[in-house]
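Note that the coordinates shown come from a computational prediction; the quantities given were computed from them, not determined experimentally.
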Amino acid sequence: MPQFTTENQNLPELTRQAAALIREHFMELYGVEELSEALGVSKSHLVRSFSANLGLTPGRYLTKMRVEAVKALLLRGDYTLETIAGLCGFSGANYLCKVFKKECGLTPTRWRERYAGALSDLPPEGWEGKFYVW
């Protein structure tokens with residue numbers, strides 16, 4: 001799985017802060033506008049800066065983070081797609097399936113079948129404590 005880490009890169013502060021906020025709050029972030037407000041900059045400035053420094057928009061970065069979280073949950077638990085959608089910031093299972101298939105080329109169920117057992121029982125580095133189910 002690709003790691004979306006920007007901590008060790010020599011990036012401008014705004015890009016570093018935006019990436020950190022996305023990584024830490026991808027589950028509850030509504031979108032880039034909310035992110036830009038939290039950082040105190042315009043949406044267009046954030047998108048220009050982020051894209052110039054990382055080669056993708058903050059919205060794509062957010063989607064990629066969410067999809068990676070979905071993959072981790074698909075491999076590590078017996079959660080329903082509706083539960084996974086809620087845990088990863090998607091509005092519902094249908095939208096999760098649409099985005100996941102566009103990103104990965106497979107539905108979440110087919111992806112889980114194909115890659116089940118591919119990883120150890122340990123969560124991927126950096127995901128500890130990110131998911132809470134009760």
(message) I need the H25 NE2 to L62 CG distance, nearest 0.5 Å.
(response) 12.0 Å
(request) List the atom of M65, the atom of I22, and the distance in Å for their closest heavy-atom pair. (result) CG-CG2, 3.9 Å
(request) Quick one: closest heavy-atom pair of R112 and L73, and the distance? (result) NH2-O, 4.2 Å
(message) To the nearest 0.5 Å, what is the distance between CG on L74 and CG on L81?
(response) 6.5 Å
(request) With E103 as reference, evaluate K98, K71, R60 under the salt bridge (charged side-chain N to carboxylate O under 4.0 Å, His left out) test and give the passing residue. (result) R60
(message) Can you tell me how far apart CG (L96) and OG1 (T107) are? Round to the nearest 0.5 Å.
(response) 10.0 Å
(request) Taking the side chain as every heavy atom from C-beta outward, state whether L54 and L11 have any pair of such atoms under 4.5 Å apart. (result) yes
(request) Working to the nearest 0.5 Å, report the span between NZ of K43 and OG1 of T57. (result) 9.5 Å
(request) From the options C104, P108, C88, select the one residue that forms a side chain to side chain contact (heavy atoms under 4.5 Å, CB included) with V67. (result) C104
(request) Answer yes or no: is there a donor N or O on one side and an acceptor on the other, between the side chain of S49 and the main chain of H45, under 3.5 Å? (result) no
(message) To the closest 0.5 Å, what do you measure between CD (E24) and CG (L29)?
(response) 10.5 Å
(request) Of all the heavy-atom pairs spanning M27 and L87, show the shortest one and how long it is. (result) CG-O, 2.8 Å
(request) List the atom of A38, the atom of L21, and the distance in Å for their closest heavy-atom pair. (result) CB-CD1, 4.4 Å
(request) Determine the minimum heavy-atom distance between A18 and L35, stating which atoms define it. (result) O-CD1, 4.2 Å
(request) Report yes if the side chains of V32 and V47 come closer than 4.5 Å at any heavy-atom pair, otherwise no. (result) yes
(message) Side chains of W111 and V70, heavy atoms from C-beta outward: is any pair under 4.5 Å?
(response) no
(message) Applying salt bridge (charged side-chain N to carboxylate O under 4.0 Å, His left out), can you list everything that pairs with R110, at least two apart in sequence or on another chain?
(response) E113
(message) Ignoring hydrogens, what is the shortest heavy-atom contact between E28 and E34? Give both atom names and the distance.
(response) O-OE1, 4.0 Å
